[in-house]
Enquirer: 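Handing you this structure, nothing more for now.
None of these values were measured; they are calculated from a predicted model. Proteins come first, then strands; the chains are lettered A, B, ... in the order of their sequence lines, and each starts at number 1.
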Protein chains: 2
Amino acid sequence: MKKIPEILDKLRRTGFKLTPQRLAILEVLQGNTDHPSASMIYQSVRDRYPMISFATVYKTLKVLEKVDEVRPLTIVEDKLNYDPDTSPHHHFHCRACRRIIDVFPSEDPMPSSIDGHQVDKYQVYFYGLCADCAGRKDA
Amino acid sequence: MKKIPEILDKLRRTGFKLTPQRLAILEVLQGNTDHPSASMIYQSVRDRYPMISFATVYKTLKVLEKVDEVRPLTIVEDKLNYDPDTSPHHHFHCRACRRIIDVFPSEDPMPSSIDGHQVDKYQVYFYGLCADCAGRKDA
DNA sequence: GTACTTGCAAACAGTTTGCATAGGC
DNA sequence: GCCTATGCAAACTGTTTGCAAGTAC
């Protein structure tokens with residue numbers, strides 16, 4: 001995700017309007033590495049913008065997906081999590097603390113095709129026990 | 001997924017019972033490379049076992065997950081797909097025909113740990129246009 | 001003023017659960 | 001006979017949608 005003013009520009013250029021709700025959501029996402037779900041975003045936004053609705057959160061996330069400023073993750077079954085960092089990287093999901101942790105591979109370029117199929121996007125999900133939780137178990 | 005008699009043995013050993021419903025589900029899954037969703041499985045099973053219920057399909061899939069004979073995929077948003085091939089391989093999702101296609105990497109072993117986090121399982125999902133659909137577009 | 005956006009509530013899809021009945025072993 | 005499995009319906013979760021009222025530009 002770019003800096004907020006740049007995103008606002010991009011939205012305006014794409015024909016989207018700037019609303020306080022959208023700004024509040026952008027502020028919650030900016031720099032966020034928690035990979036929040038829609039409901040986590042809703043709750044955080046509500047702290048600073050109490051009258052926001054769930055529908056607006058979902059609709060705004062769709063807009064941000066469209067302008068490629070947020071990436072939906074299907075790492076957890078039955079809900080989506082959102083990553084404002086759209087740079088190429090992977091994710092690790094800890095089965096104990098349930099955190100989603102960024103993993104930046106030293107090198108792992110997305111193939112442009114595989115078995116003759118054209119690849120536009122890819123996701124790598126790791127599952128297991130994170131370093132913190134593994135340490136806690138041993139102790 | 002192993003051969004059906006072996007799975008039946010495994011189920012019995014693990015304390016699960018053998019029912020016609022479970023057998024019918026196993027028969028549908030055996031050798032299936034379509035990565036069906038629960039509802040696709042339900043429909044296929046119904047052809048040969050018309051009185052089966054959705055709940056049974058879901059419960060059986062949970063059992064098969066537990067004995068590691070089926071692998072749930074989160075490649076598509078908002079539903080699970082099931083892969084009876086539990087050998088290590090990746091998946092490609094075509095945005096046009098919506099198929100999920102197996103991808104067997106020449107080499108791509110699962111790391112046992114990454115950034116100090118213990119990895120038990122991983123999934124690689126590719127998204128794009130499959131060879132068939134890309135060809136169709138050009139024509 | 002003209003879209004586009006919001007917020008609400010209702011709708012929806014996929015999945016899970018409680019419970020009475022059926023059936024495997 | 002014991003205990004698990006089935007089937008139904010209801011419940012639940014996350015997400016989407018229709019629409020009237022509000023608002024950015």
Side-chain angles (χ1 to χ4, degrees), chain A residues 4-5 7-26 28 35-46 48-67 70-82 98 100, chain B residues 4-5 7-26 28 35-46 48-67 70-82 98 100:
Chain A
I4 289 182
I7 299 179
L8 297 184
D9 256 15
K10 193 194 246 184
L11 288 176
R12 208 177 300 125
R13 270 185 279 114
T14 331
F16 292 110
K17 290 183 176 167
L18 271 43
T19 65
Q21 290 90 331
R22 288 184 177 167
L23 189 57
I25 291 168
L26 285 172
V28 163
H35 311 90
S37 63
S39 93
M40 288 156 75
I41 294 168
Y42 170 67
Q43 279 161 40
S44 300
V45 170
R46 227 147 65 116
R48 70 183 72 182
Y49 201 97
M51 65 292 280
I52 199 164
S53 76
F54 245 108
T56 299
V57 171
Y58 278 108
K59 286 167 184 168
T60 299
L61 286 168
K62 278 262 174 295
V63 168
L64 293 177
E65 264 183 64
K66 206 158 292 173
V67 299
V70 94
R71 177 159 306 176
L73 305 179
T74 59
I75 191 168
V76 175
E77 291 182 13
D78 67 56
K79 74 152 143 303
L80 288 175
N81 292 82
Y82 293 90
R98 316 255 117 200
I100 296 170
Chain B
I4 289 184
I7 299 177
L8 298 184
D9 256 16
K10 193 194 244 183
L11 287 175
R12 208 178 298 126
R13 272 185 277 111
T14 332
F16 292 111
K17 291 180 178 169
L18 270 44
T19 65
Q21 289 88 334
R22 287 184 179 168
L23 190 55
I25 291 168
L26 286 172
V28 164
H35 312 90
S37 64
S39 92
M40 289 156 74
I41 294 169
Y42 171 68
Q43 279 162 40
S44 300
V45 170
R46 228 148 65 116
R48 68 183 75 184
Y49 201 98
M51 65 291 280
I52 199 163
S53 76
F54 245 108
T56 298
V57 171
Y58 278 109
K59 286 169 185 168
T60 298
L61 286 168
K62 278 260 174 296
V63 167
L64 293 176
E65 265 184 64
K66 205 159 293 174
V67 299
V70 95
R71 179 158 305 176
L73 305 179
T74 59
I75 191 168
V76 176
E77 292 183 11
D78 69 54
K79 73 152 142 303
L80 288 175
N81 292 83
Y82 294 89
R98 314 254 119 201
I100 296 170

Enquirer: Rounded to whole angstrom units, what separation is found between the CG atom of A:L73 and the P atom of D:dG14?
Expert: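 Atom-to-atom, A:L73 to D:dG14, this comes out as 16 Å.
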
Enquirer: Could you check whether any side-chain N or O of B:H35 sits under 3.5 Å from a backbone N or O of B:I100, counting only pairs where one atom can act as donor and the other as acceptor?
Expert: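 Yes, the answer is positive, given that a donor and an acceptor are paired below the 3.5 Å cut-off.
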
Enquirer: Could you list all the salt bridge (charged side-chain N to carboxylate O under 4.0 Å, His left out) pairs where at least one residue sits in residues 70-82 of chain B, not counting sequence neighbours?
Expert: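 Residue pairs passing salt bridge (charged side-chain N to carboxylate O under 4.0 Å, His left out), neighbours aside: none found.
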
Enquirer: What string of B, S and - do you get for nucleotides 17-25 of chain D 5' to 3' if you count protein non-hydrogen atoms under 4.0 Å?
Expert: BB-----BS

Enquirer: Please name the pair of heavy atoms, one in B:Y42 and one in B:I52, separated by the smallest distance, quoted to 0.1 Å.
Expert: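 In terms of heavy atoms, the two residues are closest at CE1-O, 3.4 Å.
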
Enquirer: Round to the nearest Å and state the distance from A:N81 atom CG to D:dG14 atom C1'.
Expert: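 So the two atoms are 12 Å apart, to the nearest Å.
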
Enquirer: Under the rule for side chain to side chain donor-acceptor pair (under 3.5 Å), what residues qualify as partners of A:S37, not counting sequence neighbours?
Expert: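 Residues passing side chain to side chain donor-acceptor pair (under 3.5 Å) with A:S37: none at all.
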
Enquirer: At 10 degrees resolution, what angle do the end axes of the helix from C:dG1-D:dC25 to C:dC25-D:dG1 form when each is taken over five base pairs?
Expert: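 Axis angle across the helix from C:dG1-D:dC25 to C:dC25-D:dG1, nearest 10°: 40°.
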
Enquirer: On DNA chain D, does the nearest nucleotide to B:I52 precede the nearest nucleotide to B:G15 from the 5' side, or the other way round? Give the residue.
Expert: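 On the 5' side of the pair lies B:G15.
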
Enquirer: Taking side chain to side chain donor-acceptor pair (under 3.5 Å) as the cut-off, I'd like each qualifying pair that reaches into residues 12-23 of chain A, sequence neighbours left out, listed once.
Expert: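 Sorted result for residues 12-23 of chain A: A:D9-A:R12.
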
Enquirer: Does A:N81 reach the main-chain N or O of A:L73 with its side chain, forming a donor-acceptor pair under 3.5 Å?
Expert: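 It does not hold such a pair.
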
Enquirer: Between B:Y82 (OH) and C:dG14 (P), how many Å, whole number?
Expert: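 Computing the B:Y82:OH to C:dG14:P distance gives 12 Å.
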
Enquirer: Could you state the NZ-C1' distance from A:K66 to D:dT16, rounded to the nearest angstrom?
Expert: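 These atoms are roughly 13 Å apart.
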
Enquirer: Minimum heavy-atom separation for B:Y49 to B:A24, with atom names?
Expert: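 Smallest heavy-atom distance, with atoms named: CB-CB, 4.2 Å.
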
Enquirer: With sequence neighbours excluded, tell me which residues meet side chain to side chain donor-acceptor pair (under 3.5 Å) with A:Y58.
Expert: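 By the side chain to side chain donor-acceptor pair (under 3.5 Å) rule, A:Y58 matches no residue at all.
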
Enquirer: Could you say whether B:D78 or A:V63 is positioned toward the 5' end of DNA chain C, judged by the nucleotide with the nearest heavy atom to each?
Expert: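 Taking each residue's closest nucleotide, the earlier one in sequence belongs to A:V63.
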
Enquirer: Would you mind reading off the distance between B:L80 atom CG and C:dA13 atom P, rounded to a whole angstrom?
Expert: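 That distance rounds to 17 Å.
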
Enquirer: For B:L8 and C:dG24, what is the distance between atoms CG and P respectively, to the nearest whole Å?
Expert: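 From B:L8 CG to C:dG24 P: 14 Å.
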
Enquirer: Tell me the interatomic distance from A:L23, atom CG, to C:dT5, atom C1', rounded to whole angstroms.
Expert: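 To the nearest whole Å, that distance equals 15 Å.
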
Enquirer: Less than 4.5 Å apart, side chain to side chain, heavy atoms only: is that true for B:L26 and B:L64?
Expert: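 A side-chain contact under 4.5 Å exists here.
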
Enquirer: Identify whether any heavy atom of A:Q21 sits under 4.0 Å from a base atom; if not, whether one sits that close to sugar-phosphate; answer base, sugar-phosphate or nothing.
Expert: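 Sugar-phosphate, no base atom in range.
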
Enquirer: How many whole angstroms separate atom OH of B:Y42 from atom P of D:dC8?
Expert: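 Distance, rounded to whole Å: 8 Å.
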
Enquirer: Is A:K62 close enough to D:dT15 that one of its side-chain N or O atoms is under 4.0 Å from OP1 or OP2 there?
Expert: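 No.
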
